[in-house]
Number of protein chains: 2
Amino acid sequence: MNTMAPTLLLVEDDPALAELLVWSFEAEGYKVLQTPDGEEALLIATETPPDAIILDWMIEQLSGIEVCRRLRRHPELASVPIIMLTARGEEEDRIRGLETGADDYVTKPFSPRELTARLAAVMRRTRPALAGQTMRIEDLELDPVAHRVRRDGKEIALGPTEFRLLQHFMERPGRVLSRAQLVTGVWGHDSDIEERTVDVQVKRLRAAINSTGGRDMIRTVRSAGYSLG
Amino acid sequence: MNTMAPTLLLVEDDPALAELLVWSFEAEGYKVLQTPDGEEALLIATETPPDAIILDWMIEQLSGIEVCRRLRRHPELASVPIIMLTARGEEEDRIRGLETGADDYVTKPFSPRELTARLAAVMRRTRPALAGQTMRIEDLELDPVAHRVRRDGKEIALGPTEFRLLQHFMERPGRVLSRAQLVTGVWGHDSDIEERTVDVQVKRLRAAINSTGGRDMIRTVRSAGYSLG
DNA sequence: AAGCGTTGTCACAATACCGTCAATCAACTG
DNA sequence: CAGTTGATTGACGGTATTGTGACAACGCTT
């Protein structure tokens with residue numbers, strides 16, 4: 001079993017439904033943070049980013065769409081999957097929900113089983129790292145929970161950006177990622193970063209993970225990008 | 001500066017939807033050209049043929065069906081896959097769309113994921129390399145995702161142009177390609193490259209893929225071109 | 001407020017790679 | 001067998017692409 005449970009943030013203002021969902025998520029082994037309040041949800045999410053967010057469309061303080069949009073603005077949260085709960089007949093809203101960046105939606109009424117299944121699917125798709133635990137490529141390992149990186153057992157200190165960059169690589173081992181892909185994936189899709197900055201961060205990451213010795217695990221693919229593996 | 005990212009042409013006049021789709025396609029690694037205008041779409045498509053076209057049924061200037069028909073008239077574009085976006089209740093049109101040569105259709109409302117999945121399916125059919133499938137001819141294999149080429153299991157280093165050239169060959173196994181075809185296919189339609197340059201790159205590619213031993217897999221067809229197989 | 005680590009950007013250095021050419025070679029023609 | 005046409009090859013200079021060090025701005029911690 002997994003030592004660390006994936007954390008969910010549930011934003012739902014119907015107490016009965018909330019309780020039911022908390023119960024069924026916990027039965028699946030998730031740790032659940034719950035709030036009925038959109039503002040509070042934003043606070044929680046930015047402070048301790050959860051591994052996924054379940055967001056009811058109809059909540060009191062803020063509309064679900066607004067919460068969703070604000071969440072997506074944070075680069076830290078840009079890749080956290082969001083599932084929206086919509087009532088029947090909110091088809092219009094559903095579309096707009098997807099536009100603002102929700103990964104999936106579930107229409108009420110639904111069975112808890114259906115929701116957990118969707119959640120599992122979304123998590124598997126978007127964050128393979130979170131489904132399993134620490135990722136490993138040869139002697140390089142990254143623990144996303146503890147925020148630690150080791151090479152050949154020896155701890156490696158990385159800056160936040162370097163860490164995210166490495167995690168991005170390790171979630172896609174062997175794949176060549178273009179500078180543009182890395183910019184949107186690591187810095188966020190609305191970032192106005194120079195593409196050459198990727199080069200510099202790659203250089204820094206390289207220096208860090210090669211500092212303990214061993215081959216250079218990042219491959220430069222000329223006129224294409226970089227890949228790890 | 002020719003990257004190997006597959007290029008899409010998105011013809012959609014709803015700005016919100018267009019933006020969403022551009023975002024999600026780019027997240028999947030596509031390069032996206034976008035226009036709300038059918039006429040302009042035709043221009044773009046004929047000048048720089050994309051790898052696939054996403055076409056909304058309801059656009060302003062021309063009906064989607066007309067755009068589709070005109071696109072199909074160009075021999076250059078005859079094999080480019082077209083996916084139509086239709087609103088619910090346009091069943092009639094959907095059928096006529098398929099009749100006029102669309103490869104697939106997606107009914108609104110749809111999730112971006114659904115569309116990218118359909119697109120991937122269509123691309124897999126028509127351009128295996130772009131869908132990320134590794135291609136193989138005898139003991140020669142090319143992995144477009146990892147940007148790797150192997151002969152008899154042994155890795156082969158290729159320059160960017162050599163790589164694109166080989167990929168172009170492997171997508172058309174056994175076919176004799178003229179120098180002119182290779183120039184436009186590998187260097188781009190607006191390239192002012194000497195045709196003799198093709199010879200040189202073929203020589204370099206030959207040297208590379210034969211360096212591990214084995215027969216010469218590139219056949220010279222005098223006064224016609226080259227073929228791989 | 002000062003100190004520290006991190007980060008984005010720039011300018012320049014170091015390459016890898018590419019296109020062209022001219023000479024050579026091979027293939028077809030009569 | 002010459003003669004002609006087309007293909008191969010090695011060399012070379014130019015250019016596009018990447019690596020690198022420096023630096024100023026920023027945010028955190030003390």
Side-chain angles (χ1 to χ4, degrees), chain A residues 46-47 74-76 147 149 155-168 176-188 190-211 215-228, chain B residues 1-5 147 149 156-169 176-188 190-211 215-228:
Chain A
T46 48
E47 266 170 40
H74 286 265
E76 300 280 338
H147 244 253
V149 174
E155 170 112 23
I156 291 178
L158 293 181
T161 307
E162 288 155 31
F163 185 86
R164 266 180 296 140
L165 180 58
L166 179 58
Q167 177 165 331
H168 200 80
V176 173
L177 303 171
S178 71
R179 284 162 235 274
Q181 285 176 310
L182 290 169
V183 167
T184 62
V186 176
W187 278 264
D190 54 348
S191 146
D192 55 346
I193 289 299
E194 293 286 328
E195 283 200 349
R196 292 295 263 108
T197 299
V198 175
D199 296 35
V200 179
Q201 285 298 348
V202 165
K203 164 190 147 50
R204 287 170 179 157
L205 179 56
R206 265 185 170 138
I209 67 178
N210 297 335
S211 60
R215 70 180 185 89
D216 183 7
M217 298 187 65
I218 298 181
R219 183 171 63 115
T220 303
V221 182
R222 191 164 242 258
S223 81
Y226 298 94
S227 77
L228 175 71
Chain B
M1 76 187 214
N2 195 353
T3 61
M4 66 152 283
H147 247 258
V149 174
I156 292 178
L158 294 180
T161 308
E162 289 155 32
F163 186 87
R164 267 179 292 139
L165 180 58
L166 178 58
Q167 177 167 321
H168 199 80
F169 273 123
V176 176
L177 303 170
S178 71
R179 285 162 234 273
Q181 283 176 310
L182 289 170
V183 167
T184 63
V186 176
W187 278 263
D190 52 347
S191 154
D192 54 346
I193 290 300
E194 295 285 329
E195 284 201 348
R196 286 268 138 239
T197 299
V198 175
D199 297 32
V200 179
Q201 285 298 349
V202 166
K203 163 194 147 41
R204 286 170 179 155
L205 179 56
R206 265 185 170 138
I209 66 178
N210 297 334
S211 62
R215 71 181 184 87
D216 183 6
M217 298 186 67
I218 298 181
R219 185 168 57 110
T220 304
V221 182
R222 196 182 168 84
S223 76
Y226 300 94
S227 79
L228 176 71

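Note on naming: letters A, B, ... go to the chains in the order of the sequence lines (proteins, then strands), and numbering restarts at 1 for each one. The structure presented is a predicted model; accordingly, all values stated were derived computationally and were not measured. Because only heavy atoms are used, hydrogens play no part in the values below, and waters and symmetry mates are left out as well, while side chains stay in.
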* Structure fact -> Tightest non-hydrogen contact, residues Ala157(B) and Glu162(B), listed as O-OE1, 4.5 Å
Could you list all N or O pairs between the protein and nucleotides 22-24 of chain D that sit under 3.5 Å apart?
none

* Report which part of the nucleic acid Thr161(A) touches: base, sugar-phosphate, or nothing (heavy-atom distance under 4.0 Å, all strands). => sugar-phosphate
* To do: May I ask you to evaluate whether Arg179(B) reaches the phosphate of dA7(D), defined as a side-chain N or O under 4.0 Å from OP1 or OP2?
  => yes
* To do: Answer with yes or no whether the side chains of Arg164(B) and Ser223(A) bring together a donor and an acceptor at under 3.5 Å.
  => no
* Structure fact -> With the side chain defined as heavy atoms from C-beta on, Pro160(A) is closest, among dT20(C), dT7(C), dA7(D), to dT7(C)
* To do: Could you state the atom-to-atom distance from NZ of Lys203(B) to P of dG19(C) in whole Å?
  => 15 Å
* Asked: Just wondering, do Glu195(B) and Leu182(B) contact through their side chains at under 4.5 Å, heavy atoms?
  -> no
* To do: Specify the separation, in whole Å, of atom CG of Leu165(B) and atom C1' of dC18(C).
  => 13 Å
* **Phosphate-side-chain proximity, Arg196(A) and dT17(D), N/O vs OP1/OP2 below 4.0 Å** => no
* Starting at atom CD of Glu195(A), determine the distance to atom C1' of dT7(C), rounded to an integer number of angstrom. => 18 Å
* Asked: Quick one: are Phe163(B) and Val221(A) in side-chain contact, heavy atoms under 4.5 Å?
  -> no
* Enter the distance from Gln181(B):CD to Tyr226(B):OH here, rounded to the nearest 0.5 Å. => 14.0 Å
* Determine: side-chain N/O of Arg206(A) to OP1/OP2 of dT20(D), distance under 4.0 Å, yes or no. => no
* **Any Trp187(A) side-chain N or O less than 4.0 Å from OP1/OP2 of dG8(C)** => yes
* Asked: Does a side-chain N or O from Tyr226(B) land closer than 4.0 Å to OP1 or OP2 of dT8(D), or not?
  -> yes
* **Atom-pair distance (CG on Leu158(B); P on dC17(C)), nearest Å** => 10 Å
* May I ask you to test the Gln201(A)-Ile193(A) pair for a side-chain heavy-atom distance under 4.5 Å? => no
* Starting at atom CG of Leu182(A), determine the distance to atom P of dG8(C), rounded to an integer number of angstrom. => 13 Å
* With Arg196(A), which residues qualify under salt bridge (charged side-chain N to carboxylate O under 4.0 Å, His left out), at least two apart? -> Asp199(A)
* Structure fact -> Between the CG atom in Leu158(B) and the CG atom in Leu165(B), the distance rounded to the nearest 0.5 Å is 9.5 Å
* Please state whether the phosphate of dG6(D), meaning OP1 or OP2, lies under 4.0 angstrom from any side-chain nitrogen or oxygen of Ser223(B). => no
* Separation of atom CZ in Arg219(B) from atom C1' in dA7(D), rounded to whole Å -> 15 Å
* dA16(C) P sits how many Å from Glu162(B) CD, rounded? -> 14 Å
* **Heavy-atom donor-acceptor pair, Arg206(A) side chain to Asp216(A) backbone, under 3.5 Å** => no
Scan nucleotides 28-30 of chain C against the protein and return all N/O pairs shorter than 3.5 Å with their distances rounded to 0.1 Å.
none

* Compare side-chain N and O positions of Thr220(A) against OP1 and OP2 of dT17(D) and report whether any pair is under 4.0 Å apart. => no
* Asked: Can you find a pair of side-chain heavy atoms, one from Leu166(B) and one from Leu228(B), that are under 4.5 Å apart?
  -> yes
* Take atom CD of Glu194(A) and atom C1' of dT18(D), then tell me their distance rounded to the nearest Å. => 15 Å
